[in-house]
Structure formats: structure tokens, C-alpha cells
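Okay, so here's the structure we're looking at.
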Protein chains: 2
Amino acid sequence: MFSIGQLSKRTGVKIPTIRYYEQMGLIDEPERSEGNQRRYTKDGLSRLSFIRHSRDLGFSVEDIRGLLDLSQHPEKPCSDAHSIAAQHLQDVQSRIAKLRRLERELKRITKCDAGNVAACAVIETLADHGLCETEH
Amino acid sequence: MFSIGQLSKRTGVKIPTIRYYEQMGLIDEPERSEGNQRRYTKDGLSRLSFIRHSRDLGFSVEDIRGLLDLSQHPEKPCSDAHSIAAQHLQDVQSRIAKLRRLERELKRITKCDAGNVAACAVIETLADHGLCETEH
DNA sequence: TATAATTCCTCTAGCCACTAGAGCTTCAAG
DNA sequence: CTTGAAGCTCTAGTGGCTAGAGGAATTATA
């Protein structure tokens, strides 16, 4: 049996976040001590680790809900899990693409070495979209 | 003089967002019509365009506050604007780096073509961080 | 000019995934 | 038995909007 603090240390999930996940229904309400403190089992630990790892990989809480549900039903088709992950991969890739466009534009405008704001490319570019090289 | 709707169309900023910016102090409170509706000038238009463009480039509202302030003081050193933009560029780059790590991991795990969840690499990997190739 | 359609107003609440803090209770070590 | 750490619940705040209610003003059409 682990206290919430021990669970937190073992999984790297902060205590208020654990309680938040419980509220959101991602983890079951654990048993309580006589004094009403949460007491977790190994099952609770591995479920929370799963969640932690999924969050690290950027899955949303809703996605995780689905993935957890799948993990409880080993006979279901793998394609369900696959499509959640593939969709997420697409999201990540489109975010990367967008950020790379930003990066290019920011690199360009930060090259400016004017003396004061009056001639500064940063300010000028922001004031006038027409000065941009690419769309964003 | 523009109504808020006209301003919205010309800048591409949604109406509630314009009112939100006003509340946040990014744009001045405009004059009002007799019937209490907002009436904007060309100055209001260009200030909002500046904000829109800065948001498109991913600057935070706080950054924009600083950039707007600089743009009103053309005699200030360009380096102030430069450092806001350079810091933002760094943020963007580190976000890209992080997303690329995610992308690699997600690509790897979505390659799985098992039949059911019991053998699915997606679920397996989420349950056990040890199966990951890289840190994240 | 009357009416209908559209736009605008303020205010409150919701989104995501937490995080912080107040004020209190319980637990574990010495 | 005391003390200090750790736990409890509850509320509110973060960023950057977005949605909706309920009403007033403006504009377009008949």
C-alpha cells in the first residue's frame, strides 16, 4: 500500500495532479486509511504510470481515457489503439510544421541590427504583414 | 470610423477577441457611438493588426505588450525588441525539438501491426517506459 | 416610415490540464 | 506525548480565448 506521496514519487506525477486524475475519472477512487487518507495498490501504481507516460507522449486526457479502456480489454483490435496514436502523430507533425514556419520567420526578423526601434525590422515586420516572406 | 465588426473583418481578429484585448489593456478603449457601440479609427486598426500579426508569430500577450510599447517609442534601442524576439525564437526551437522527439517515438510505436491489444506495441509501450528508445 | 434582419452591448461561464493556497486533520518518529 | 511532515477538502487562478443569454442599437428592405 502506498500513500499518495509515495505514489507521486514513484511515478513523477505531482500530488494535486493525482487527485485531479481521480476527479476526472482516469483513476479509480482508492481505498482510504482509517483517517481518510488515500492508500494505493500496485495496480493503482501501474495505471498511473501508464497515464504519466501517455501524457509525456503528448496524448490528451480524452485519448488516454480511450487507451486505458483498450488496455483493459486485450481482446479488442489493435487498430483502435493504432488510430488514436496515428491521429496524435499527425497532430504532432502539423504542429512541428507550423513551428518551423515560425522559426524561419523569426530567424529572419531577428537578424536586424538597426540602432533604434524606428528602423528595427522586428517592429517593422510586426506592423506590416506584407514584409513577411511566408504565410503563417 | 469602423464598427467592431468591420475591424474584425479587416484584421481577421474575432469580435470577442477584440473586446478581450481591450479588457487586457492591449488596445485603448475606443470612442463610442451615441448608442454606446465601439467606433474605431485607423490607428486602432493598425494597432490591432500589429497584435494580430504578433500573435500569428506566436508571441505571448505579455511579449506583445512590450513590443507595442517599443513601437510607440522609436528612439529606444532596437536591442529591446530584438531580445524579446530572440527569446521567443529560442522557445519555438525548444518546442520543435521536443515535438520531434515525440514524433520519433510515436512513429516507432505506431508501426505495430499486431491483431489485438494484448500484443499491441502502442499499449505495451505506454505501460512500460522501459520500452522507449529515447527520453522525453 | 415601419418593420425586419443584422449587428452590437454586457455579463457570466467554459475550455485544457493542471497549480497554488487556505485552513484543517492525520500520521510517523523520537 | 509532542512535533513536524504529510494528508485532507475546497476554492480560485493560469493563458488566450470562445460560447451563450438576454437585451439594445443600427441598417436594410418593403
Side-chain angles (χ1 to χ4, degrees), chain A residues 1-27 29-40 44 48 50-68 84 87-88 91-92 95 98-99 102 136, chain B residues 1-27 29-40 44 48 50-68 84 87-88 91-92 95 98-99 102 136:
Chain A
M1 290 297 222
F2 314 108
S3 70
I4 197 170
Q6 289 166 334
L7 196 68
S8 170
K9 276 210 183 92
R10 277 171 180 257
T11 58
V13 180
K14 288 183 187 153
I15 291 173
T17 305
I18 297 175
R19 292 197 275 245
Y20 168 76
Y21 288 155
E22 182 183 322
Q23 230 186 305
M24 295 299 101
L26 280 193
I27 56 184
E29 294 187 18
E31 289 180 34
R32 300 284 184 132
S33 72
E34 285 186 8
N36 198 35
Q37 301 194 351
R38 290 170 177 82
R39 291 294 177 260
Y40 296 92
L48 186 57
F50 186 103
I51 295 170
R52 168 73 208 265
H53 195 194
S54 305
R55 286 293 303 138
D56 282 350
L57 286 168
F59 287 99
S60 72
V61 164
E62 277 321 295
D63 280 351
I64 296 173
R65 216 184 283 281
L67 291 167
L68 277 169
I84 294 175
Q87 177 59 58
H88 179 48
D91 288 355
V92 167
R95 271 192 280 160
K98 184 163 185 211
L99 286 172
L102 289 194
H136 40 252
Chain B
M1 289 298 221
F2 313 107
S3 70
I4 197 169
Q6 290 166 333
L7 195 68
S8 171
K9 275 209 184 93
R10 278 172 180 256
T11 57
V13 180
K14 288 183 188 153
I15 291 172
T17 306
I18 297 175
R19 292 197 274 246
Y20 168 76
Y21 288 156
E22 182 183 322
Q23 231 187 306
M24 295 297 100
L26 281 193
I27 56 184
E29 293 187 20
E31 289 179 35
R32 300 283 183 133
S33 73
E34 286 186 8
N36 198 35
Q37 301 195 350
R38 290 170 177 81
R39 292 293 176 260
Y40 295 91
L48 186 57
F50 187 103
I51 294 170
R52 166 75 209 265
H53 195 194
S54 304
R55 286 293 301 138
D56 282 350
L57 285 169
F59 287 100
S60 71
V61 164
E62 277 320 297
D63 280 351
I64 295 174
R65 217 184 282 281
L67 291 167
L68 277 168
I84 293 175
Q87 177 59 57
H88 179 48
D91 288 355
V92 167
R95 271 192 281 162
K98 184 163 184 208
L99 286 171
L102 289 194
H136 38 253

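In this text the structure is predicted, and so the values were computed from the model without any measurement. First the proteins, then the strands, lettered A, B, ... as listed; each starts at 1.
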Query raised in the report: How do A/Arg38 and B/Glu62 order along DNA chain D: which one's closest nucleotide is nearer the 5' end?
Result: A/Arg38
Report summary line: B/Phe2 meets the ring-ring contact (aromatic ring centres under 6.0 Å, His included) criterion, sequence neighbours left out, with none
Query raised in the report: Residues in ring-ring contact (aromatic ring centres under 6.0 Å, His included) with A/Phe50, at least two apart?
Result: none
Do you know which two heavy atoms are closest between [X] and [Y], and how far apart they sit?
X       : Y       : result
B/Tyr21 : B/Ile51 : CE1-CG2, 3.7 Å
A/Tyr40 : A/Pro30 : CE2-CG, 3.5 Å
A/Val61 : A/Leu26 : CG1-CD1, 3.9 Å

Between [N] atom [atom2] and [X] atom [atom1], what is the distance in whole Å?
X       : N      : atom1 : atom2 : value
B/Arg32 : C/dT7  : CZ    : C1'   : 14 Å
B/Tyr40 : C/dC9  : OH    : C1'   : 12 Å
B/Tyr20 : C/dT10 : OH    : P     : 17 Å
A/Ile64 : C/dA17 : CD1   : P     : 8 Å

Please identify each residue that fulfils side chain to side chain donor-acceptor pair (under 3.5 Å) with [X], with sequence neighbours left out.
X       : value
A/Gln87 : A/Asp91
A/Arg55 : none
A/Glu22 : A/Arg38

Counting only pairs under 3.5 Å, give me each side-chain donor-acceptor contact of residues 10-20 of chain A, with atom names and distances, residues two or more places apart or in other chains.
from	atom 1	to	atom 2	distance (Å)
A/Thr11	OG1	A/Leu7	O	2.8
A/Thr11	OG1	A/Val13	N	3.2

Report task. Could you tell me from which nucleotide to which nucleotide of DNA chain D, 5' to 3', there is an atom under 4.0 Å from chain A heavy atoms? Result -> D/dG7 to D/dT9
Restricting both atoms to N or O, compile the protein contacts to nucleotides 27-30 of chain C shorter than 3.5 Å, with distance only.
from	atom 1	to	atom 2	distance (Å)
C/dC27	OP1	A/Ser33	OG	3.1
C/dC27	OP1	A/Gly35	N	2.9

Requested in this report: Check whether more than 12 heavy atoms from other residues, nucleotides or ligands sit under 6.0 Å from atom CD of A/Gln6, and answer yes or no.
Outcome: yes
**Report entry** Position toward the 5' end of DNA chain C (nearest nucleotide), A/Arg55 or B/Ile15
**Finding:** B/Ile15
**Report entry** Rounded (10°) bend between the five-pair end axes of the helix from C/dT1-D/dA30 to C/dG30-D/dC1
**Finding:** 10°
Query raised in the report: Under the salt bridge (Lys or Arg N to Asp or Glu O under 4.0 Å) rule, what pairs show up with a residue in residues 57-68 of chain B, not counting sequence neighbours?
Result: B/Glu62-B/Arg65
Query - Separation between CZ of B/Arg95 and NZ of A/Lys98, rounded to the nearest 0.5 Å - result: 9.5 Å
Report task. Output the distance between atom CD1 (B/Ile84) and atom CG (B/Leu67), rounded to the nearest 0.5 Å. Result -> 4.5 Å
Requested in this report: Have a look at B/Tyr21 and say if it touches a base, only the backbone sugar-phosphate, or nothing, with a 4.0 Å heavy-atom cut-off.
Outcome: sugar-phosphate
Report summary line: What residues 3-14 of chain B contributes to the DNA chain C interface at heavy-atom separation below 4.0 Å is B/Ser3, B/Ile4, B/Gly5
Query raised in the report: Is the distance from OP1 or OP2 of C/dT19 to the nearest side-chain N or O of A/Arg19 less than 4.0 Å?
Result: no
